[in-house]
Protein chains: 2
Amino acid sequence: MSLLEHTISAIKETLNQEAFKAAKDRLLNQAKPAGSLGIMEDISARLAAIKGTIDVRLTNKRIVTCAGDHGVTQEGISLFPAEVTPQMVLNFAGGGASVNVIGKHAGAIVKAADLGVNYDFDPDLPIFHKKVRYGTANFTREPAMTRQEAIRSIEAGIEIVAELMAEAPVDLLGTGDMGIGNTTPSSAIIAAFSGIPVEKLTGRGTGIDDAALENKIRVIQKGLDLHRPDPKDPLDILSKVGGLEIGGLAGLVLGAAAHGIPVICDGLISTAGALIACELAPSARQYLFASHKSVEIGHKYMHDRLGLDPLIDLKFRLGEGTGAAVCMELLDLSTRILADIKTFEEVGVTNV
Amino acid sequence: MSLLEHTISAIKETLNQEAFKAAKDRLLNQAKPAGSLGIMEDISARLAAIKGTIDVRLTNKRIVTCAGDHGVTQEGISLFPAEVTPQMVLNFAGGGASVNVIGKHAGAIVKAADLGVNYDFDPDLPIFHKKVRYGTANFTREPAMTRQEAIRSIEAGIEIVAELMAEAPVDLLGTGDMGIGNTTPSSAIIAAFSGIPVEKLTGRGTGIDDAALENKIRVIQKGLDLHRPDPKDPLDILSKVGGLEIGGLAGLVLGAAAHGIPVICDGLISTAGALIACELAPSARQYLFASHKSVEIGHKYMHDRLGLDPLIDLKFRLGEGTGAAVCMELLDLSTRILADIKTFEEVGVTNV
């Protein structure tokens, strides 16, 4: 059995129903109108079911930002040049990027991972060194990667979770991405799964203009027409029009689910990875939380397909794990809401 | 000059434009796509303009939960009995309520204030003792309070800010409410200002059924028809169909604005108070942040009138300051985004 198959088979079919029921009971008896803390109550109950207790502690928070390059940038689909991908990986390692700042505020340790950056990093750079290849191929001409490379990228994500767990038990994992051009494969992935027209799923990425957006839509359509990825085969989609970091992001979700770790995905690219994971292993969805609603228009369709509602909409369109980092504080807070708000009985308030 | 007049005249007409421009410049030069942290960037720039620096520190956070009772509860407009108001004030003082738990997570000190609870609290109870009267009158029969009492309730909120500042400089103030029945005067206030039909502005509060909702709408309409409050006179509206805690909440906003403190308002009731404040002193709006979008349908119309977008929508309908407390973490985070994310130049990333 491969690492991927083994991991999928290790994901539980159902969460702890006893803890879930205990959580729901406590929430109903807390001295506040029933259900009045809305989505936070639902989250707290799901976390209780994942962890098997109503006093969940999300102490060790980790964010992994998966990076990869994209051959399709040759088609002029991004505002920024590809050289920015390795530059930003160095920025993550140096602690000065957006995800570092937001992760620090959330009490999370951020670490980047090279899944397929077109650059040789110093082996001593404190990142996960998991390069599968030096960026994908240009999918308007050939498949982005082979099926074996797609599996390898997912397994790299699974390995990262195992390596994190070997250091210290992870209580909450956030996923993030870096890869110039990677909204293009992400939109291609949701188009391939859903059959929704490409123009409804394609946004401006880092900020391209109308003409560049039209080109981007054409590029994605060309890739889909050339390769006709099988909507029932997530590995076929990932290999033909995906990205190496997107495979890594799928692996993070599968690895987290197999270890029983709640995992929160970021924007369009992280959610594309989460989608690949949940199409491979639907039970993984139980462990998955959608963080924010991106400005990227394809994101909504991914959430619809996953059946998840994002927690916040702050008009982010950055990636890196920034939205996941913001929402880590909300997941953390939800555990305190469940455990620490007193019941009517405990505080002597009249119930109705 | 009265305390109210003095406070209004102390609010600056404009914020620090130099700090605002410096913030905007830095945000544009940070190593990320321009504007990609959306609403958080806007908030951080406004906070910089309020505080006059791009390295804002929101260290001392305070939440004041203003409580009052409502004679209109005689009309059966609430699910919970009025005795719950003092019980919850005791719960706040004991630290076991929702706002205590969420406030603690946000690093804020929470303190309740008695503006008009129909109960005699022990003078040693650690709350702000600012009782104006033992609850409002039933506004379907007589004005909720006199004009002098309305002014007194606002001035009590102003005094609370001064007392907080005398203890330690407050960097961020959150407002919250407690008062069984107080969605009724809050909906009446926005109806009186806006002229929007009462049925469009009236929600289910703590969870009343269809028949009780119809009754609540009739009760509000009766109060408005009887007193015909002047939409151009916020004190007339507050005194005829308002609440004592709502006056206190208006005073908190005015006091904060006069001291140059950013202030974040909570749900329907806190925002009704903020609306009274900003109709009295439009410049106060510069210091005001809307936290969450409540399930209560009248809330949206208040935000529209204030010209503010709430930051989050977590389907809260609790009050107490819970939504304000959640958003304090976001305001805090925004200051770090502005000050700590490095620029393209600082980290050697290619700009476009």
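The sequence lines fix the lettering, A, B, ..., with proteins before strands; numbering per chain opens at 1.
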Under 3.5 Å, what donor-acceptor pairs does chain A form with chain B?
| from | atom 1 | to | atom 2 | distance (Å) |
| --- | --- | --- | --- | --- |
| A:Ala34 | O | B:Arg317 | NH2 | 2.5 |
| A:Ser36 | O | B:Arg317 | N | 2.9 |
| A:Ile39 | N | B:Leu314 | O | 2.9 |
| A:Glu83 | OE2 | B:Thr350 | OG1 | 2.6 |
| A:Gln87 | OE1 | B:Thr350 | N | 2.8 |
| A:Gln87 | OE1 | B:Thr350 | OG1 | 3.2 |
| A:Gln87 | NE2 | B:Thr350 | OG1 | 3.0 |
| A:Gly96 | O | B:Lys342 | N | 3.0 |
| A:His105 | NE2 | B:Asp332 | OD2 | 3.3 |
| A:Leu314 | O | B:Ile39 | N | 2.9 |
| A:Arg317 | N | B:Ser36 | O | 2.9 |
| A:Arg317 | NH2 | B:Ala34 | O | 2.5 |
| A:Asp332 | OD2 | B:His105 | NE2 | 3.4 |
| A:Lys342 | N | B:Gly96 | O | 3.0 |
| A:Thr350 | N | B:Gln87 | OE1 | 2.8 |
| A:Thr350 | OG1 | B:Glu83 | OE2 | 2.6 |
| A:Thr350 | OG1 | B:Gln87 | OE1 | 3.1 |
| A:Thr350 | OG1 | B:Gln87 | NE2 | 3.0 |

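Neither the backbone nor the side chain of A:Ala106 comes within less than 4.5 Å of any heavy atom in chain B. Neither the backbone nor the side chain of A:Leu90 comes within less than 4.5 Å of any heavy atom in chain B. Neither the backbone nor the side chain of B:Ala339 comes within contact range of chain A, judged by heavy atoms closer than 4.5 Å. Within the 4.5 angstrom heavy-atom criterion, only side-chain atoms of A:Val347, from C-beta onward, approach chain B.
Taking each heavy atom of B:Ala97 and B:Phe92 in turn, the nearest pair found is CB-CD2, 3.5 Å. Smallest separation of non-hydrogen atoms from A:Gly298 and A:Leu268: C-CD1, 3.7 Å. Contact between A:Ile63 and A:Gly103 at its shortest, heavy atoms only, is CD1-CA, 4.1 Å. Scanning all heavy atoms of the two residues, the minimum distance from B:Leu27 to B:Ala45 falls at CD1-CB, 4.4 Å.
Chain B forms more heavy-atom pairs under 4.5 Å with one residue of A:Val349, A:Leu79, A:Val99, A:Ile43 than with any other, namely A:Val349. Highest contact tally toward chain A, considering only B:Val352, B:Val84, B:Leu37, is held by B:Leu37 [criterion: heavy-atom pairs under 4.5 Å]. The residue among B:Leu314, B:Val326, B:Ile312 with the most heavy atom pairs within less than 4.5 Å of chain A is B:Leu314.
Identified under the ring-ring contact (aromatic ring centres under 6.0 Å, His included) test for residues 324-352 of chain B, with sequence neighbours left out: none.
Interatomic distance, A:Ile208 CD1 to A:Ile77 CD1, rounded to the nearest 0.5 Å: 7.5 Å. For the atom pair CD1 (B:Ile39) and CG (B:Leu330), the distance works out to 10.0 Å, reported to the nearest 0.5 Å. B:Leu288 CG to B:Ile264 CD1: the interatomic distance, rounded to the nearest 0.5 Å, is 8.5 Å. To the nearest 0.5 Å, the span separating CZ on B:Phe289 from CG on B:Leu172 amounts to 8.0 Å.
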